[in-house]
Amino acid sequence: MADGDISDNEPTTRTLLRRVLDTEAPRTPRRRQSTRAGVQRTPLGTPFSMRLRSQTKTTAGRQPHRARSIGRLAHIQTRGQLKEQTPRTLLENILLTAPESSMVMPESAVKPVPAPQVVQVVQFSRRESSPGSLELQLPELNAPTTLAPGRLTSGRRKKRLRLSEFQQGMDQELPLSQGPVTEPPGNTGASSLSSSLNLTFATPLLPQSVQRPGLARRPPTRRAVDVGIFLQDLQDTSVATAFPGDRTPVATLPTDTVLEDTQPFSQPLIGRSPSVHHSLPYPSLSAERTVSRRTRSSGPGLQNNSPGKPAQLLAGKAEEVDALAMRFPNTSSGTSGVDGLEPLLGGVGEEVEERMEESMSLSEVKEATGAQASARAEEPEAHTEVAEAEGSWGAIEEKELEGSSGDKDTEGRTARPELASSTPEFPRARQLEFLEPAPPTSTAVLSSEPLEPLSARLPTRLQTAGPRLRQDPYKMGLSHYAKLFSFYAKMPMEKKALEMVEKCLDKYFQRLCDDLDVFAAHAGRKTVRLEDLELLMRRQGLVTDRVSLHVLVEQHLPLEYRQLLIPCAFSGNTVFPAQ
Amino acid sequence: MENDGKRSCLQPPHEVFWFLLQRLKAAVHYTVGCLCEEVASDKEVQLSRQTIAAISEVTFRQCESFAKDLEMFARHAKRSTINTEDVKLLARRSNSLLKYITEKSEEFNVERKTKKKKKLEDENKDSLEPAEAGGVGSEN
């Protein structure tokens, strides 16, 4: 490029135009504009050239009045009219007439804030018909001889003034405010034009929501769950207005907690992972936890128009308790429920707020660990408080249990049988008590049994570990699977039928795990491994000579699990997971 | 050949294979028929031909499935030979069958051990005799 010495940070009009001219050969307008501004210029080609033609003709008559500009303008006009009225010719004209130095406006005025520039850009975009803000700059650049400045003021009558003013400014390197004819709006318009010209090709920064920085990375989940949470919140909170806008971020989160009867089949993706928080990568779990916290807190926060701090603490906490309890499996729900309950009872809302604020800040893992640690530490205190709270929050707790049981069950529902192994116990047992023993025992099974992809077959879909259920006196864990069964049956089912279904499921899962155990022993091992599971699936007929395990993984599992299971080559000649 | 009508497009090896398959199926059918007759006479129930044909077909296909499973089990245990362990694993579903098979396998093991002992003793005797003979011969 000819103007290599000038950095991109200060794209003056001249440099930009020069670049355009240098890089592109004179061709049709459409082709010409595919340089610095990139693709955006190309759609601008035809309308721009058309506009130019109309503009140049109109401006031709206006120019003779200005002495200084006459000569050059005449030159330009003659050149322009003699040649084709193309952007290229206009650019050349500009380059001929425009000064070498940077734009007239001092940097201080130019730099200040992208926001006003964005605003200006937006204004330009409104006036012009072209799509992007970047493109808009070009026509106004390219048509200094035309009504570009006039556009700013959106007043046809001021066109001439703007043009001449602009021309003079360009010619004389004077700030536009010092032009012979200056009008404040015109001035601002011109200055803004110049400022915008300077910042022409800078991408306007989209304001990102600071509240949930991690949202973009979250896998999208079904919106159906939103309604459940929404209704739940409506019920529990006294806040009349529930902003649907608040829910949309929740929707984008891996919401899976709601296991009311309205939404019994929320994706357990993230809901399950907390239960496996020992085996699965920790950050994901904590991230989800913090994310959910974030949403919960942001929900009331947004409602109160205070990002990060729910003004209505009580309402917010109530929401939190329910949402968090519903949302998380026992490990987290215990803690979160504790967290939620504590502030309500002990008035330690500030702590929780801090935690929530923390969670809303940047590093998720840190907050999660910190929150968890603090939550765990507060468990013993919370225990008594929980007992106290039971009376007042009895209804909520029931929901919690149900929700968590359903939650747990849905976790097991999808492709991870090993997770489901822990689910039957969780709902029943005291969450806090089971926190410690359950996860370690389950993880052994979990780590050893990788996955089983979903299939159309119901029994295969609803897989939990048999032996675990045997130990557990309650069969609450399977009740959710029975519910699933009744859902997919699309017909009303008798209770006895559901009980039979539960029995069958119980036996099925027991046999499943026995088989896995036997297969592992057959190979002289004590740990169940992927090969054992693959053998089992082969026996079941899911894995055939045509359909391999990897195919099933790809078909039924989400991407996160797939990358854990199927070896993939990464940069640096590494393969993960290592074989 | 009567098979040409059905498999005229096949290559010769496939035809041969198919022919052998048919022979095997026929043999299975015959055996199943004999067994069914025994059962029928025991239970004093009559079995129609279609029933016997169906049973033999099912048996044949089940044997195929068994064979594949056995091969899988053997491979799972990182062996290239199918073992009694694989068979036991296959039969674990039905308890009675499993019992029967384990008993039989134990019998087999016992038999094998006795046979081995006999063999060893015989071999020792055989090896001793020639040695003695040789020794005697050499002495002489």
Side-chain angles (χ1 to χ4, degrees), chain A residues 417 445 448-453 455 457 459-460 463 465-467 470 503-553 565 579, chain B residues 7 10-11 13-14 17-18 20-21 24-25 28 54-109 112-113:
Chain A
V445 184
S448 46
E449 308 177 13
L451 65 92
E452 192 146 348
S455 76
R457 275 199 251 155
T460 321
Q463 287 194 10
R470 220 184 280 140
K503 258 194 191 178
C504 294
L505 283 173
D506 186 19
K507 291 199 174 174
Y508 176 78
F509 293 136
Q510 282 184 22
R511 173 167 289 188
L512 202 77
C513 291
D514 285 342
D515 282 355
L516 286 169
D517 196 22
V518 163
F519 289 154
H522 183 69
R525 279 185 270 107
K526 288 186 183 176
T527 328
V528 178
R529 292 203 146 190
L530 184 59
E531 300 91 55
D532 304 322
L533 196 70
E534 191 165 355
L535 187 67
L536 178 73
M537 292 183 68
R538 203 164 249 283
R539 292 265 300 173
Q540 286 180 334
L542 289 170
V543 172
T544 64
D545 296 332
R546 288 188 179 177
V547 179
S548 81
L549 186 64
H550 285 185
V551 168
L552 289 172
V553 167
L565 289 165
Q579 285 192 326
Chain B
R7 309 273 172 158
L10 280 180
Q11 302 288 333
H14 292 274
F17 178 71
W18 188 78
L20 289 173
L21 207 67
L24 189 61
K25 271 193 188 176
V28 168
I55 292 172
S56 69
E57 182 70 25
V58 167
T59 315
F60 193 77
R61 291 195 189 173
Q62 194 69 352
C63 285
E64 279 191 55
S65 160
F66 284 160
K68 288 184 186 169
D69 287 346
L70 285 171
E71 186 195 340
M72 273 197 311
F73 289 148
R75 195 173 296 166
H76 182 71
K78 291 166 190 146
R79 277 186 270 109
S80 58
T81 326
I82 293 176
N83 218 1
T84 48
E85 300 296 324
D86 302 325
V87 178
K88 282 186 203 169
L89 200 65
L90 189 72
R92 76 190 181 288
R93 282 300 163 93
S94 110
N95 291 332
S96 56
L97 188 60
L98 187 61
K99 265 190 195 175
Y100 186 76
I101 287 180
T102 39
E103 287 172 5
K104 282 284 177 179
S105 70
E106 284 174 15
E107 281 184 33
F108 275 127
N109 286 339
R112 283 177 83 187
K113 282 180 183 175

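Worth saying up front: this structure is predicted, and the values here are computed from it rather than measured. These numbers come from the heavy atoms of this one structure, side chains and all, not from hydrogens, waters or symmetry mates.
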Margin query: Salt bridge check, B:Glu103 against B:Lys99: does any charged N sit closer than 4.0 Å to a carboxylate O?
Written below: no

Next item on the list: Salt-bridge test for A:Asp532 and A:Arg525: reply yes if a basic N is under 4.0 Å from a carboxylate O, no otherwise.
Entry: yes

Note to self: Test side chain to side chain contact (heavy atoms under 4.5 Å, CB included) on A:Leu542 and A:Val547; report intermediate values, then the result.
What the structure shows: CA-CA 8 Å; A:Leu542 289 170; A:Val547 179; over 6 Å; no

Check: Is the backbone N or O of A:Tyr508 less than 3.5 Å from a side-chain atom of A:Arg511, with the two atoms forming a donor-acceptor pair by type?
Finding: no

Notebook entry, point to check: How about residues 72-85 of chain B versus chain A: which residues have heavy atoms under 4.5 Å apart?
Noted result: B:Met72, B:Phe73, B:His76, B:Ala77, B:Arg79, B:Glu85

Check: Please walk me through it: do A:Leu549 and A:Leu530 pass side chain to side chain contact (heavy atoms under 4.5 Å, CB included)?
Finding: CA-CA 10 Å; A:Leu549 186 64; A:Leu530 184 59; 3.9 Å; yes

Checklist line | B:Arg61 atom CZ, over 12 foreign heavy atoms within 6.0 Å | finding: no

